[in-house]
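Only heavy atoms go into these numbers, but all of them, side chains included; no hydrogens, no water, no symmetry mates.
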Amino acid sequence: MTSKLRNGSWFGRRATLAWLIPFGAAVACSAGTPPPQEPDPALGGGDANSEPDEVLPASSSDVQKGIDAIQREDFEEARRVLSAAHAADPKDPQAAFYLGVSLEALEETDAALDAYRQALAADASLVEAAVNASALLLEKKQDAAAALEVAEQGLRAAPNNAALLMNRALGLEALGRGEAALDAYEKAVAAAPENHELRYAYAELLVGANKTERAKAELEKLANVAELRGAVANLFGRAGDFKGCLRVLDAALADAPTADLYVRRGACKHGAGDDSGAKADYEKAIELDASFAPAHYYLGMHLKEAGNKKLAIASLQKAAELAPDTGLGKRAR
C-alpha cells in the first residue's frame, strides 16, 4: 500500500469521456438507431483510484492552508498561499501539486501543467499529478502523445490506477493506435469495473473495430443501467444486434415511456425489418410529445421510403420547424 494525496473533486481527477452525441446531431436516415439522448446523463460508478491508499498529511502549514482554500473553492487565496509555499520550497511536490490544482480551477492551463510537471519532477510517484496533467493534456491541449507519456510515467508508480489507465487508453485511441487502445481500455475496465462510462467507451471502441461479440458482452453488463439504456440500445443496433437493442428499449419503455425511447425503438425495429412497428413507434412518440423533432424526422424518413411523398414532406417540414438550427433540422430541410 502506497501513500497518496487527499482525494476529492478538485484533487485527483481524470479526463472526461466525451462519447454522448445530442439527438439529431449525427442522424443520417432511419436505418439505424438514433444517437444517445440529450441532455447527457450523469454517469458514474467506480472510484477514480482503485487503490485504498493512506492519505498523506500536508507537507507544511502553508500547504494545509492552500488545501483548505481549495476545499472552500477560494482559488485565488489558494494560489496566493501555495505560490508562496512553492517559492519557499520548490522541491516540495505537494506545494507544486496543489498550486496546480488551484491554477487549473482558475483555468490557467499552461501554468497548471507546469506546476504538475514540477510536482512530478520532485516526486515521480505522485500519482495525482500524473492523473491531472494527463487529463489536462487530453482535454485542453489536445496533446495525446504528451498525455500518454505522462500517464505511462504515473503507471510505473501505480500500475492499477484506474484514472491513469483510462487516460492512457484515451491517449492511445486519439493517436489511432486501435489494438493498443483496446488492450488499454480492457485493463482500465478491469481496474474500475463499476465505471459505466468507461465500460461503454470500451464497448463503443470494440464496435468500431468490428469486434462485435466482445462489444455485446460488455453491453450486456450495462443493459440494466437506467441512465444508459438509450445509448446501450444504440450501440447494440450499431453492432447489428437488433434483438438486443429491442430488449433494452422494451425494458426502458416499460419503466418510463418517453418520446425519445419510442423513436429509438422505432429505428431499431426498422433495422430489424419491422417497418410497420417502426411507424407505430414514431407515431406514439409524436402522441407523447408533438414538439419532439426527431419523431417527426424519423416518421418523415419512413414515409419517404414508403413512397408517401406528401406526408413525408409534411413530417420533415415539421421537424425542420421544431429544430431549425440543428443537424437534424438541416437534414430534414
Legend entry - pair V189-N195: side-chain heavy atoms closer than 4.5 Å: no
Legend entry - Nearest-0.5 Å distance that lies between atom NZ in K284 and atom OG1 in T258: 12.0 Å
Legend entry - From R214 atom CZ to L219 atom CG, the distance as rounded to the nearest 0.5 Å: 13.0 Å
Legend entry - Ion pair E194/R199, N-O distance below 4.0 Å: no
Legend entry - Heavy atoms from other residues, nucleotides or ligands near NZ of K65 exceed 12 (cutoff 6.0 Å): no
Inset, instruction - Find out whether L82 and D62 are in side-chain contact, i.e. whether some heavy atom of one side chain is under 4.5 Å from a heavy atom of the other. - result: no
Legend entry - Counterpart residues, side chain to side chain contact (heavy atoms under 4.5 Å, CB included), relative to E149 (two or more places apart): none
Legend entry - Close side-chain approach of S83 to L99, heavy-atom, < 4.5 Å: yes
Inset, instruction - Just jot down the salt bridge (charged side-chain N to carboxylate O under 4.0 Å, His left out) partners of K304, sequence neighbours excluded, or say none. - result: none
Inset, instruction - Determine whether the side chains of Y116 and N132 contain a donor N or O and an acceptor N or O closer than 3.5 Å. - result: yes
Inset, instruction - To the nearest 0.5 Å, tell me how far L155 CG sits from N167 CG. - result: 9.0 Å
Legend entry - Test: K141 and D110 ion pair at under 4.0 Å: yes
Legend entry - T212 and N210: side chain donor to acceptor below 3.5 Å: no
Inset, instruction - Evaluate the ring planes of H302 and Y282, with Trp represented by its six-membered ring, and classify them as parallel (under 30°), tilted (30 to 60°) or perpendicular (over 60°). - result: perpendicular
Legend entry - Any donor-acceptor N/O pair, Q142 side chain to E139 backbone, under 3.5 Å: yes
Inset, instruction - With the side chain counted from C-beta on, respond yes when H296 and L316 share a heavy-atom pair under 4.5 Å apart, and no when they do not. - result: no
Inset, instruction - May I ask you to check whether F242 and F236 place their ring centers less than 6.0 Å from one another? - result: no
Inset, instruction - Test R168 against every option in E186, E152, E173 by the salt bridge (Lys or Arg N to Asp or Glu O under 4.0 Å) rule and name the one that passes. - result: E152
Legend entry - S125 versus D123, side-chain donor and acceptor atoms under 3.5 Å: yes
Inset, instruction - Taking the side chain as every heavy atom from C-beta outward, state whether H86 and K91 have any atom pair closer than 4.5 Å. - result: no
Legend entry - Under 3.5 Å side-chain donor-acceptor pair for H196 and E227: no
Inset, instruction - State whether D260 and R264 are salt-bridged, where the test is any N-O pair (Lys NZ or Arg NE/NH1/NH2 against Asp/Glu carboxylate O) under 4.0 Å. - result: yes
Legend entry - Straight-line distance of D281 CG to R265 CZ, nearest 0.5 Å: 4.0 Å
Legend entry - Any I286 side-chain heavy atom under 4.5 Å of E283 side chain: no
Legend entry - Charged N-O contact under 4.0 Å between K211 and E218: no
Inset, instruction - With salt bridge (charged side-chain N to carboxylate O under 4.0 Å, His left out) as the test, would you mind laying out the steps for R72 and E77 before giving the verdict? - result: CA-CA 10 Å; R72 297 193 307 270; E77 173 65 8; 5.4 Å; no
Legend entry - Side-chain ion pair, E108 and R79, N-O less than 4.0 Å: yes
Inset, instruction - Decide, yes or no, whether a salt bridge links K330 with D325 under the criterion of side-chain N to carboxylate O below 4.0 Å. - result: no
Legend entry - Heavy-atom side-chain proximity of L235 to R238 below 4.5 angstrom: yes
Legend entry - ILVMFWY cluster membership beyond L246 - transitive side-chain contacts under 4.5 angstrom: none
